[in-house]
Amino acid sequence: MTVDYIVKRLGMLLVVIISAISINFIIPRLMPGDPVQQKMDQMVAMGGTVGDVQGMVQEYRKKFGLDKPVWKQFISYWGDLLRGDLGYSLNNYPQRVSSVITGALPWTAGLLITAILITFVLGILMGAVLGWPTAPRGLRGVVPVFLVLHAVPYFLLGIILLFLFAVSVRVFPGGGGYSFGTALQLSLGSIADVLKHAALPALSIVLAGVGGWALGMRGMMISVLGEDYINLAEAKGLKQRRIFLWYGVRNTMLPATTSLAMSLGHVVTGAVLVEMIFAYPGIGHQLYRAIHAKDYTVIQGIIVVLVVWLAVTLFIMDLIYPLIDRRITYRRR
Amino acid sequence: MATMYRDRAHRALRFARLNMLLVSGLAVIVAVVLVGYVGSAIINQDDARVGAFDPGLRPSRDHLLGTDRQARDVLAVLILSIPNTVKIGLLAGAVGLGIGVVLGLAAGYFGGLVDLVIRTVADVVFTIPGIAIMIIVATNIRTMSVEMMALIVASLAWMYPTRAIRAQTLSLRERLYVEVARLNGESGMELVVKQMLPNLLPYIAAGFVASVSGAILATIGLEALGLGPQGEFTLGMMIYWARFYGAILRGMWWWWSPPIAVIVVIFIGLLLASAGLDRIANPRLQRTK
Amino acid sequence: MSPDVLQVKELRVRYDTYSGVVNAVEGVSFSVRAGEKLGLVGESGCGKSSTVLALLRMIKPPGRIVAGQVLLDGVDLLRLSDEEIRLARFAAISLIPQGAMNSLNPVMRIREQIVDTMRAHNGGKSRAELDSRVRELLQWVGLSDWVANMFPHELSGGMKQRVCIAMAISLKPKVVIADEPTSALDVVVQRRVMHTLERVQQELGASVILSGHDMGLMAQFVDRLGVMYAGRLVEMGPTEAIFEDPLHPYARLLIDTLPSLDRKGDFKGIPGVAPSLLNLPAGCAFQPRCPHAVERCSVDEPAWQEARPGRWVACHLWAEGRR
Amino acid sequence: MTALLEAHNLTKVFGGGLLSRRRTVALDNISLVISGDRPSVISIAGESGSGKTTLARLLLGITHPSSGRVLYRGKELKKLSREEWKVFRREVQAIFQDPFEAFNPFYKVDNVLNTPIVKFRLARSRSERREMVDKVLDMVGLRPEETLGRYPHQLSGGQRQRVMVARALLPNPKILLADEPVSMVDASLRATILGTLLKLSRELNISLVYVTHDLTTAYQVAETILVLYQGSPVEVGDVEKVIRSSQHPYTRLLVGSIPLPNPKLKWGTEAIETERTGRGSGAGNGCRFAGRCPVVMPVCHEQRPPLYRTDSRRATACFLYKESPAVEGVELMSALSRGTQTSARDG
């Protein structure tokens, strides 16, 4: 791995983050209407506290820095971001956006990382075996099932699972991250409770994802099996298992990781919606609530987090490639 | 003449047999679209009006799929929703694909700086979770319409086709037959249109399918979040309202399951079609039995 | 004369394709003596690669071996169980593949790939023992020690092909099959690789079967030559004798078409095109292009027979009493 | 009289742009002259990586040299007007190595034959067009009824390559650049195709540029030969001299490695170096062959040898011949392109 390569990837990472966050800043300001004004109008319409609405709007505008010229806002926006300050929630004024996010992030991270890893490993294994000429018949029979599951978007599968296992048969809780009214602690009971709540959301991500992975992996496996080195490995008298793992699967790992990276985006957005379905206390659920409450600062903050998360994950992936395939640093030159 | 016709028919049949996937995928999609459009013409549109019947009725002879909490006939709403969702998917897919083909061809053919700019922009946008941008845009739009929805979704449906077409153009550009065509006196534009484009068709078709399904997926996601066209019938909005009124936890399965079923059927159709197209584009995947 | 190590009898390989059945190898019989270099030469699609791959039972679907025997020291390789043939591969009969460029696993170091071959057959050796064996093998094929630590993309084509030779001899097989081993290499590199092969072959005392399309390479390398056409052997004999006085009209024409530095500006081709294996002419497959064809040639398929001591040919011109 | 096609000191460097640091010199100071007053055959010989295909692309105007000039009828390619460019495009034609890739799989064979007639306005009517196609197919030994109306995959490799020759003949070229035209064709057809090419070049007054790695066929076909090693000319001159009594150590190595189809003339068994060893690996200022050269001298690592004119019709880029006068490539090539009739077999 060359310094050159790392620097290039790092540059790409910065470009992605900066442009996405800039878009995040610019788009709302391009749109007609003033979010604070809108928000105030809404509050006035809903609650009875009719006072000096215009005065309040002015005050809020000042507080959120909306009275300054756009370029100044842009600079202070970046300054705040770099300090980790995402501002206040429009809805629950004294609460900071960053605290909303830090409260939700561990839930999402835990759920997503586990689910994605399980999906990836299961899918890859299934696909690799399916691509092998002597795949067991039983496994081939399962494929259509997973393909149909794959055709269902994550969160729709979540709805079905919710109905099946939390409404019809009440084996799993119908939502949330832990049982209402209990305090979270490091006890076996508490952990089991958390796992129970995470099971259905995770299952929907896994079930919907495995088929796609398996299909993709099968394709890669078949094209690798057409390579000359597989033929020679067989001629060398190697055992099937050795050829399968070290000559077949090893060589699909690069394209597989590439597509893992590419699909992360889908998984992340899909997972956001899964959280919404299960009212799972991660950032997806927070995003849904913020959208409903038109809490723009929280929406923006969560989107910044999503963008940075994805960009950083892809960057890490990029750093892993050369370890998987030694040719990569040469090829990309 | 007759033999030529028979020959063609024979070849079409053989192709259909070889590519059952593509044919059955297309058949599924056409069937859904027909149900949507023909059904919309047949049913009584008033059945889908709020308060038309009693709310929350279970499926019965009168209401095959029951009624929802807003007292609408679920079947009527479902049928009226299909054309709108299909419309958003096709519109967004076509716009996305159009942009993708033009950019991909330009990047692949001109190379150099043009390629660098297009590739970087596509890579950057690809790395940004699309739904994030769409949420930002959608939350800032006062009244959402079906067409607006399609445009928003299309703005993020062009990267996949751009990348795929670019990669293919890059490899086609190096093909010897393009060189030969140059020696035959063909100019730059002719090389693209006459030599490269025909060989890109399977990729373009695959790109279209990919961007249509991406667009439908994104649409439904946005709608489920509550960012869809509130006053229109779409499959995603059906799911949104069902959730909004707690249909899932209340066990009103007849309300939320039909739109999911239709969406799944559409996606299966698209999946089959894209697998079929994949076989044409990468014949190596075709396993000889 | 040394005894035969390998006897191939009435070998037939068939491919079932969408357009029909292709008989890629049709009743090929020959034998290889100990320490001999045998060549199989022919144009593309003549069945030479299918023939040599069939010896290792490496024909992949849609192809299959439908008949014949491959006797290695009297044991029929085609009748062995899957595990037995696996153990025989490379230990008794090994392969130097056609596309050296792509025949090495891109994600494994050269050492591992050589060690893999040895481990698959006699597992229990220590790391140090295997390492020194790798070094010895690399030295044998004229490569330095550091090559062991390289990945394939870091080596040149000629070096990769020599790594393949090192693997092929690592278990001291009786027969080494070289399937167009230098077809993608430059002439200078080709010469070097062929020298390497010749040297290790002599030291090892193994027999080599070289398949290829280049008559020049055959002339330089092999002791005995078999000429193939449309899935059949049409002539076989000592290389010098064939070049001096080819018996089969196809072999004669093939030799005459070769450009050489002796004759200049004299271009002779073989008229017509090679027949499609899907649709062979009746009788002798070469008959439509043959300048000496007689009536019988389009009726009977000529038998494979010994026309002179040590010289085999399949042509009616050599049936008893003619010529 | 100006020559038809001239290449003056062509150098082509790849990479070295903003994004890639590595520069590869694909071609280094190559000159070529084709007078065109009679059909001549010049061969460019070299192994893979010698830059011969890059040279072919430069001569066809598909890529541009990093330095040096390509002149057509005395005018630099870059400066040709639109009309002149059309003439150049028509008069300088090519056939390539791969007879499979040369066809667009989307079209029938007819397409590649009709296009030049349409684009260069060679025929006034459909029937005239058909006549022209039939005529060129006949010239290359193909029967129109067995060729036209088919897709490329329905023809054999030899047939396809002949269609490509026919295509190149359609625009009535003055120069035909043949880039490894027979290396992917079966042995039994090679001679036929080369023979056809040579015959047509004489009959139709077309000069051939034969690019190849195969010294035997180069010897068979060409009058003049240019041997390249890693983008540099190592030996240039009459083919008889260069092949029969090679001077440059690399040419000798090449000639010595030809697998002669004669079991009685075996290769030498002296050790040969195929991988570069030690310093002077071609990247520096010295002779590019120094790292592999059996007779390397200290000077070889320090300086790039110029072409030394060792006799009237040949030059060698090697310090072994530094007693002979150095010569400019263009000068030598113009001399070679003139009057071979008198001196082809002299010296």
Side-chain angles (χ1 to χ4, degrees), chain C residues 41-46 142-143 155-159 184-195 198 213-223 225 238-244 250 253-274 276 289, chain D residues 41 46-50 141 155-159 182 184-199 213-222 239-240 243-244 250 253-277 292:
Chain C
V41 73
E43 299 178 282
S44 53
C46 72
L143 293 172
L155 304 179
S156 72
M159 292 164 93
L185 302 176
D186 288 332
V187 285
V188 179
V189 184
Q190 162 174 286
R191 177 173 155 206
R192 174 105 201 245
V193 167
M194 293 315 288
H195 276 324
E198 186 157 40
H213 61 266
D214 184 349
M215 284 296 255
L217 195 60
M218 294 295 165
Q220 294 294 319
F221 189 78
V222 299
D223 309 321
L225 185 60
T239 312
E240 280 195 32
I242 290 188
F243 272 90
E244 218 159 77
Y250 173 65
L253 284 168
L254 202 54
I255 290 167
D256 285 348
T257 62
L258 298 169
S260 80
L261 295 183
D262 306 336
R263 291 171 284 119
K264 192 172 169 163
D266 169 21
F267 297 100
K268 280 191 205 142
I270 303 181
V273 288
S276 151
R289 298 170 78 183
Chain D
V41 184
E47 301 198 89
S48 50
S50 63
L155 301 181
S156 75
Q159 286 173 309
V182 293
M184 289 180 75
V185 173
D186 268 333
S188 66
L189 298 169
R190 278 182 198 173
T192 319
I193 290 176
L194 278 181
T196 311
L197 267 180
L198 207 57
K199 193 179 108 224
H213 69 276
D214 178 1
L215 287 185
T216 332
T217 53
Y219 175 77
Q220 296 274 317
V221 170
V239 76
E240 285 288 336
I243 304 289
R244 288 268 174 200
Y250 176 65
L253 178 61
L254 267 184
V255 174
S257 298
I258 300 172
L260 292 174
N262 185 343
K264 287 177 184 148
L265 294 174
K266 296 263 186 185
W267 280 326
T269 46
E270 76 274 18
I272 41 170
E273 210 48 64
T274 50
E275 279 79 40
R276 287 181 235 118
T277 52
R292 284 172 61 180

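All chains are named by letter (A, B, ...) in the order of the sequence lines, taking the proteins before the strands, and each is independently numbered beginning at 1. No hydrogens, no waters, no symmetry mates; every other heavy atom, side chains included, goes into these values.
- Chain C forms the most heavy-atom pairs under 4.5 Å with one residue out of D/Thr216, D/Thr192, D/Asp186, and that residue is D/Asp186.
- Once rounded to the nearest 0.5 Å, the distance linking CE of C/Met215 with CG of D/Asn262 reads 11.5 Å.
- Residue D/Leu194 holds its CG atom at 11.0 Å from OG1 of C/Thr257, rounded to the nearest 0.5 Å.
- No part of D/Ala218 comes within reach of chain C, as not one of its non-hydrogen atoms sits under 4.5 angstrom from that chain.
- The CZ atom of C/Arg191 sits 10.0 Å away from the CG atom of D/Leu254 when rounded to the nearest 0.5 Å.
- In this structure, D/Ser188 OG and C/His213 NE2 are separated by 12.0 Å, a value rounded to the nearest 0.5 Å.
- With a threshold of 4.5 angstrom between heavy atoms, C/Tyr250 does not approach chain D through any atom at all.
- Residue contact with chain C, scored on non-hydrogen atoms closer than 4.5 Å, involves the side chain of D/Lys264 exclusively.
- Interface remark: D/Ser48 contributes backbone and side-chain atoms alike to the contact with chain C (heavy atom separation under 4.5 Å).
- Shown here for D/Pro261 and C/Pro259, the closest heavy-atom pair between the two residues is CG-O, 4.1 Å.
- Options D/Ala187, D/Ser156, D/Pro263 differ in how many heavy-atom pairs under 4.5 Å they form with chain C, and the most are formed by D/Pro263.
- Residues D/Pro259 and C/Met194 fail the side-chain proximity criterion, which asks for heavy atoms closer than 4.5 Å.
- For the pair D/Gln220 (side chain) and C/Leu261 (backbone), a donor-acceptor distance under 3.5 Å is absent.
- Proximity to chain D (any heavy atom under 4.5 Å) is restricted, for C/Leu258, to the side chain, taken from C-beta onward.
- Neither the backbone nor the side chain of D/Val185 comes within contact range of chain C, judged by heavy atoms closer than 4.5 Å.
- For chain C, the nearby part of D/Ile243 is the side chain; its heavy atoms alone come within less than 4.5 Å.
- Screening D/Thr217, D/Leu198, D/Leu197 for a side chain to side chain contact (heavy atoms under 4.5 Å, CB included) involving C/Phe267 leaves a single residue, D/Leu198.
- Rounded to the nearest 0.5 angstrom, D/His213 NE2 and C/Asp186 CG are separated by 7.5 Å.
- For the pair D/Arg292 and C/Val188, the tightest heavy-atom approach, listed with the atom from each and the gap, is NH2-CG1, 3.6 Å.
- Between the CD atom in C/Gln220 and the CG atom in D/Leu265 there is a gap of 8.0 Å [rounded to 0.5 Å].
- For the set C/Leu253, C/Leu185, C/Val187, the count of heavy-atom pairs under 4.5 angstrom toward chain D peaks at C/Val187.
- If you measure heavy-atom distances from C/Asp256 to chain D, you find no contacts under 4.5 Å at all.
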